[in-house]
2 protein chains.
Amino acid sequence: MADVIDRRVARTRKALHGALMSLILRKGYEVITIQDIIDEADIGRSTFYAHYTGKEDLLRSGFQTLRALLMEAQRNAPVKRDGPHDEALGFSLAMFEHAREYRDVYRALVGGRGSVVAVNEIRQVLSEVVKKELSGVEDDDAVPRDVRVQFIVGTFLTMLTWWLEGKPRLTPTEVDAMFRRLVLDGVGPSIRVQH
Amino acid sequence: MADVIDRRVARTRKALHGALMSLILRKGYEVITIQDIIDEADIGRSTFYAHYTGKEDLLRSGFQTLRALLMEAQRNAPVKRDGPHDEALGFSLAMFEHAREYRDVYRALVGGRGSVVAVNEIRQVLSEVVKKELSGVEDDDAVPRDVRVQFIVGTFLTMLTWWLEGKPRLTPTEVDAMFRRLVLDGVGPSIRVQH
DNA sequence: GCACAATCAAACATCATGTATGATAATGGA
DNA sequence: TCCATTATCATACATGATGTTTGATTGTGC
């Protein structure tokens with residue numbers, strides 16, 4: 001499959017990713033410099049550029065694991081393609097759980113002073129997943145398919161951000177419930193209640 | 001109100017804002033340098049720093065007009081605090097219209113290679129507006145108030161981005177209809193329909 | 001053990017940032 | 001009209017990040 005990798009290459013890349021993660025937790029992604037990374041990883045400058053074009057490239061390359069996780073979560077989720085279909089959005093709970101496990105990293109990436117790069121990357125991965133999930137659903141005259149995908153992904157990220165920034169007490173299940181409530185029913189019910 | 005402003009100061013600031021806007025349209029916010037701005041505006045380097053701490057500061061200071069527009073749109077919107085309340089979210093149509101009028105700027109700011117700073121600024125302004133709008137609505141056990149605010153703002157930005165990036169043919173009214181549909185009812189209706 | 005490839009330190013050119021200085025010009029009030 | 005004030009200017013400077021190059025050194029896979 002993947003060509004066999006020279007041990008030195010593997011070691012270098014691992015060191016760089018590790019250094020980036022440490023630094024993200026310590027000072028936030030935006031302000032990190034290449035110098036910081038190679039100092040932390042104890043890797044030569046030219047070696048860095050032999051592997052990545054910059055810190056954005058390095059960050060991006062670290063998202064395969066997340067992608068794999070989501071794809072699998074989607075496969076393992078209870079996809080009962082018949083029934084009341086409250087089991088839709090099979091990815092969400094798994095990802096909320098993943099987010100709690102790596103809370104610090106997620107918060108550093110997705111939170112206030114986070115990285116556009118990371119958020120866009122997550123957005124793209126999620127879009128694929130949701131798109132696949134909606135493939136069995138028939139079209140809607142009012143709202144095009146891709147809008148619905150973006151809506152779902154956007155709402156997910158809204159919840160994720162809100163959760164990580166302020167209310168870490170809530171369990172993944174609780175947050176997931178709110179997420180589903182919003183995505184499926186919107187805020188109409190609670191707004192319109194008051195007459 | 002505001003202290004009387006020296007003509008020179010006014011002229012400088014106007015030139016800088018104009019230069020920033022031109023450059024945003026020409027090459028995108030992120031890659032703009034201070035040097036670009038002061039060259040374009042034909043303003044001395046030290047003068048720039050006498051007014052703003054950096055390009056982010058300059059950008060931020062250009063959002064009062066937007067803020068004012070939204071506040072007024074909210075006031076003028078048909079706020080019937082009784083009735084079926086489909087008139088909620090009084091700001092949205094006005095902002096979609098504003099966005100179409102300044103399409104290029106919005107797209108440059110909010111689109112793909114846009115600016116986090118700008119998006120965050122818009123997000124914050126919108127949050128204030130929505131928060132005020134929801135002040136008369138009673139609480140909901142399932143979804144806290146601030147989550148609903150973030151949800152509405154997030155969905156609005158999702159629609160705005162999608163609209164500006166891909167489907168400029170749609171009218172503000174049509175986009176607004178989709179926005180309201182999503183915010184009020186979610187995607188449950190169209191997803192759950194298929195059994 | 002050997003050919004090859006990866007890593008290294010060091011140096012370099014380039015460019016952006018932010019600050020400082022003293023001269024010059026515009027402004028607003030008297 | 002005059003004048004004190006204040007903004008602007010060109011210029012220079014220190015600092016630090018970026019990305020590339022070079023030739024020597026060291027680790028790998030076979």
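Residue numbers start from 1 in every chain, and the chains themselves are labelled A, B, ... in the order their sequence lines are given, proteins ahead of strands.
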Whole angstrom is fine here: how far is it from [atom1] in [X] over to [atom2] in [N]?
{"X": "K55(A)", "N": "dA17(D)", "atom1": "NZ", "atom2": "C1'", "value": "11 Å"}
{"X": "R45(A)", "N": "dT18(D)", "atom1": "CZ", "atom2": "P", "value": "6 Å"}
{"X": "Y49(B)", "N": "dA7(D)", "atom1": "OH", "atom2": "C1'", "value": "18 Å"}
{"X": "D57(A)", "N": "dT18(D)", "atom1": "CG", "atom2": "C1'", "value": "15 Å"}
{"X": "F48(A)", "N": "dT18(D)", "atom1": "CZ", "atom2": "P", "value": "9 Å"}
{"X": "I37(A)", "N": "dA17(D)", "atom1": "CD1", "atom2": "P", "value": "12 Å"}
{"X": "D39(A)", "N": "dT18(D)", "atom1": "CG", "atom2": "P", "value": "11 Å"}

Looking only at heavy atoms, what is the nearest atom pair of G154(A) and T158(B), with distance?
CA-OG1, 4.2 Å
Hey, could you give me the [atom1]/[atom2] distance between [X] and [Y], rounded to the nearest 0.5 Å?
{"X": "L25(B)", "Y": "L109(B)", "atom1": "CG", "atom2": "CG", "value": "8.5 Å"}
{"X": "D57(A)", "Y": "H51(A)", "atom1": "CG", "atom2": "NE2", "value": "11.5 Å"}
{"X": "R45(B)", "Y": "I37(B)", "atom1": "CZ", "atom2": "CD1", "value": "10.5 Å"}

Between the protein and nucleotides 27-30 of chain D, are there any N/O to N/O pairs under 3.5 Å, and if so, what are the atom names and distances?
unit_1, atom_1, unit_2, atom_2, d
dG27(D), N3, R8(A), NH1, 3.1
dT28(D), OP1, R11(A), NH2, 3.2
dT28(D), O4', R8(A), NH2, 3.4
dG29(D), OP2, R7(A), NE, 3.0
dG29(D), OP2, R7(A), NH2, 3.3

Could you tell me the boundaries of the chain B footprint on DNA chain C, defined by atoms under 4.0 Å from its heavy atoms?
dA16(C) to dG28(C)
Within the structure shown, what part of the strands sits under 4.0 Å from T12(A) by heavy-atom distance: base, sugar-phosphate, or nothing?
sugar-phosphate
Touch class at under 4.0 angstrom, heavy-atom based, for D36(B) against every strand present:
nothing
Check the orientation of F96(B) and F179(B). Use parallel for under 30°, tilted for 30 to 60°, and perpendicular for over 60°.
perpendicular
Side-chain donor-acceptor pair under 3.5 Å between T33(B) and D36(B), yes or no?
yes
Using only heavy-atom distances, determine whether the side chains of R123(B) and Q150(B) contain a donor-acceptor pair under 3.5 Å.
no
Output, in order, the C-alpha distance, side-chain angles, deciding distance and verdict of side-chain contact (heavy atoms from CB on, under 4.5 Å) for L182(B) and V147(A).
CA-CA 10 Å; L182(B) 287 175; V147(A) 173; 3.8 Å; yes
Between protein and nucleotides 14-16 of chain D, what N or O pairs are separated by less than 3.5 Å?
none

State which residue, out of E128(A), E72(A), Q124(A), E121(A), fulfils the side chain to side chain donor-acceptor pair (under 3.5 Å) condition with R67(A).
E128(A)
Walk me through it: do Y102(A) and R107(A) pass the test side-chain contact (heavy atoms from CB on, under 4.5 Å)?
CA-CA 9 Å; Y102(A) 300 97; R107(A) 202 164 53 192; over 6 Å; no
With nearest nucleotides of DNA chain D determined for S46(A) and I34(A) from heavy-atom distances, which residue corresponds to the more 5′ nucleotide?
I34(A)
K55(B) side chain to Y29(B) backbone, donor-acceptor under 3.5 Å:
yes
